[in-house]
Engineer: 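Mind looking over this structure? Questions follow.
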Amino acid sequence: MHLGWLVLGAAALGLGGAADAQQKPPSFMSIKAGKARMRTGPGRNYPASWLYQRRDLPVKVIDAYGEWRKIEDPDGAQGWMQANLLDGKRTAIVMGGITEMRSAANFTAHINWRAAPGVVGAIRNCGGGWCWFEVGGRGGYVEQSHIWGTDPGETLG
């Protein structure tokens with residue numbers, strides 16, 4: 001009886017390790033909470049350096065310490081945030097100028113929408129320098145170089 005629980009526990013630990021391996025830094029995530037504090041160190045005893053009030057804002061996780069993640073935001077600010085305030089949902093933010101959202105991943109495709117700098121949306125299907133970018137139910141392909149939330153040339157399925 002006890003041997004069965006030990007085997008089950010070992011299997012669960014193995015699965016947990018595999019899930020953690022997928023989220024090892026560096027990786028992109030998004031802010032899950034409506035309000036999230038970035039701190040100067042990995043603990044609540046460190047002072048807050050930023051208060052984010054923008055759910056789904058993309059961040060890059062660059063280090064981990066226990067339940068804390070060192071993140072970098074789209075403006076380059078770095079600090080520590082509790083892991084439970086982050087989500088694996090991939091999002092991106094439009095950088096630079098107005099970005100065209102096209103019906104296909106090429107420059108000759110029809111322009112579905114245009115997105116202003118600072119607009120945040122969900123991303124998927126990145127490849128060949130383009131990503132599907134969706135904001136409020138409206139979507140289109142954007143040039144990967146016009147958004148922050150992926151590494152240059154990164155492929156997402």
Side-chain angles (χ1 to χ4, degrees), residues 15-16 18-44 46-107 109-157:
L15 291 173
D20 288 344
Q22 294 174 358
Q23 294 297 328
K24 287 196 187 241
S27 64
F28 282 95
M29 298 185 83
S30 57
I31 296 179
K32 179 170 43 176
K35 289 186 179 183
R37 285 184 174 80
M38 176 191 284
R39 297 187 178 273
T40 59
R44 288 186 181 201
Y46 289 92
S49 53
W50 286 102
L51 173 62
Y52 294 93
Q53 297 186 64
R54 191 165 190 187
R55 185 183 317 261
D56 294 332
L57 183 73
V59 294
K60 186 170 191 172
V61 177
I62 55 176
D63 201 359
Y65 181 79
E67 293 301 313
W68 291 85
R69 302 295 177 264
K70 187 172 187 182
I71 64 164
E72 181 177 335
D73 72 14
D75 293 325
Q78 293 185 4
W80 293 86
M81 191 173 285
Q82 287 182 286
N84 65 346
L85 299 174
L86 300 172
D87 192 348
K89 176 182 170 184
R90 292 296 297 268
T91 63
I93 185 169
V94 174
M95 303 296 280
I98 293 173
T99 298
E100 296 167 340
M101 300 168 62
R102 297 182 177 272
S103 60
N106 64 63
F107 293 106
H110 173 75
I111 297 171
N112 292 343
W113 315 100
R114 288 183 174 85
V119 169
V120 172
I123 57 169
R124 67 177 200 276
N125 298 336
C126 295
W130 295 85
C131 288
W132 178 261
F133 185 69
E134 190 169 323
V135 180
R138 296 179 177 178
Y141 284 93
V142 298
E143 288 180 79
Q144 201 168 6
S145 61
H146 292 190
I147 56 174
W148 189 92
T150 67
D151 284 320
E154 180 180 2
T155 301
L156 293 176

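Residues take their numbers from the sequence shown, with the count starting at 1. Computed from a predicted model, the values in this text were never measured in an experiment.
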Engineer: Out of K89, E72, K60, which residue meets the side-chain contact (heavy atoms from CB on, under 4.5 Å) rule with F28?
Structural biologist: K60
Engineer: Which residue is it: R44, R69, R37? I am looking for the one with a side-chain contact (heavy atoms from CB on, under 4.5 Å) to Q82.
Structural biologist: R44
Engineer: Report yes if the side chains of N112 and S103 come closer than 4.5 Å at any heavy-atom pair, otherwise no.
Structural biologist: yes
Engineer: Hey, are the side chains of L86 and S30 touching, using non-hydrogen atoms and a 4.5 Å cut-off?
Structural biologist: no
Engineer: So, the side chain of E134 versus the backbone of G140: is there a donor-acceptor pair under 3.5 Å, distance only?
Structural biologist: no
Engineer: Measure centre to centre between the rings of W68 and Y46, then say whether the value is under 6.0 Å.
Structural biologist: no
Engineer: Is the Lys NZ or Arg CZ of R138 less than 6.0 Å from the centre of W113's six-membered ring, within 45° of the axis?
Structural biologist: yes
Engineer: For Y141 together with W130, are the ring centres under 6.0 Å from each other?
Structural biologist: no
Engineer: Is there side-chain contact between M38 and I71, with heavy atoms separated by less than 4.5 Å?
Structural biologist: yes
Engineer: Does any part of the side chain of V61, heavy atoms only, come nearer than 4.5 Å to the side chain of K70, both counted from C-beta?
Structural biologist: no
Engineer: Would you say CH2 of W132 has more than 12 non-hydrogen atoms from neighbouring residues, nucleotides or ligands within 6.0 angstrom?
Structural biologist: yes
Engineer: Are any non-hydrogen side-chain atoms of R39 and P47 less than 4.5 angstrom apart?
Structural biologist: no
Engineer: Side chains of T150 and R90: does their closest heavy-atom pair fall under 4.5 Å?
Structural biologist: yes
Engineer: Does the side chain of C131 reach to within under 4.5 Å of the side chain of I147, using non-hydrogen atoms?
Structural biologist: yes
Engineer: Does a side-chain heavy-atom distance below 4.5 Å link V59 with I31?
Structural biologist: yes
